[in-house]
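Naming: A, B, ... by sequence-line order, numbering from 1 per chain.
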Amino acid sequence: RKEVEQDPGPFNVPEGATVAFNCTYSNSASQSFFWYRQDCRKEPKLLMSVYSSGNEDGRFTAQLNRASQYISLLIRDSKLSDSATYLCVVNSRAGNMLTFGGGTRLMVKP
Amino acid sequence: DTEVTQTPKHLVMGMTNKKSLKCEQHMGHRAMYWYKQKAKKPPELMFVYSYEKLSINESVPSRFSPECPNSSLLNLHLHALQPEDSALYLCASSQEGSYEQYFGPGTRLTVT
């Protein structure tokens with residue numbers, strides 16, 4: 001079993017749609033969780049950290065379910081510019097190390 | 001300012017060449033990282049430096065040699081690489097006490 005698992009997609013959605021991604025992690029001792037966004041041939045960029053109480057940043061909402069060991073990302077009112085790969089990232093190992101999921105590809109169509 | 005810079009942006013090298021990748025950050029971060037990313041795959045950790053000391057080496061072949069000259073700079077020296085080493089090499093940094101890592105734009109390496 002992979003340490004961090006994501007549905008690779010692609011998710012093809014029309015502009016304005018709401019789309020949700022899930023991610024599961026295997027290490028119950030993990031403490032920090034993130035969503036990164038990566039555009040084609042670019043570096044990953046931190047989208048948001050994920051807190052136990054859930055958090056929202058504009059059209060983006062992230063939630064953490066520790067009991068089920070899954071993390072979600074909800075994008076409302078999708079824009080063409082949201083098209084990217086979304087990486088679920090967890091500190092599942094010692095020290096400063098992060099473990100990346102395989103990424104979920106989102107394509108927003110006009 | 002959450003900027004990590006990397007040079008060069010692109011690098012083509014032969015299997016007998018020696019080259020170096022450079023990474024710089026001026027955010028006062030005390031941890032710096034090298035990752036390797038192949039197409040359609042997530043980044044894979046190679047090395048971690050903490051307070052200018054190598055703290056993690058993810059069993060990377062010795063043809064990759066990291067160096068941290070000071071708290072703002074991180075180098076990756078390359079020697080006798082193989083074509084399968086062609087990839088995007090990403091540098092990242094994080095501040096003390098935080099797991100949030102900030103990535104540079106990467107160096108796209110092609111080994112011929």
S.K.: Would you say that more than 12 heavy atoms from the other residues, nucleotides or ligands in this model lie under 6.0 Å from the CD of A/Gln63, or not?
M.R.: no
S.K.: Is it true that atom NZ of B/Lys41 has more than 12 heavy atoms of other residues, nucleotides or ligands lying nearer than 6.0 Å?
M.R.: no
S.K.: Check whether B/Ser98 reaches the backbone of B/Gln95 with its side chain - one donor and one acceptor, N or O, closer than 3.5 Å.
M.R.: no
S.K.: Taking B/Ser86 for its side chain and B/Val111 for its backbone only, find out whether a donor-acceptor pair lies under 3.5 Å.
M.R.: yes
S.K.: At a 4.5 Å cut-off on heavy atoms, which part of B/Gln101 comes close to chain A: side chain, backbone, both, or neither?
M.R.: both
S.K.: Heavy-atom distance under 4.5 Å to chain B: side chain of A/Gln31, backbone, both or neither?
M.R.: neither
S.K.: Output the option from A/Cys40, A/Pro44, A/Gly103, A/Gly101 having the highest count of non-hydrogen pairs under 4.5 Å with chain B.
M.R.: A/Pro44
S.K.: Please flag which part of A/Arg41 lies under 4.5 Å from any non-hydrogen atom of chain B: side chain, backbone, both or neither.
M.R.: both
S.K.: For the residue pair B/Phe103 and A/Phe100, categorise the inter-ring angle as parallel (less than 30°), tilted (30 to 60°) or perpendicular (more than 60°).
M.R.: perpendicular
S.K.: Between B/Gln37 and chain A, with a heavy-atom cut-off of 4.5 Å, which part of the residue counts as in contact: side chain, backbone, both or neither?
M.R.: side chain
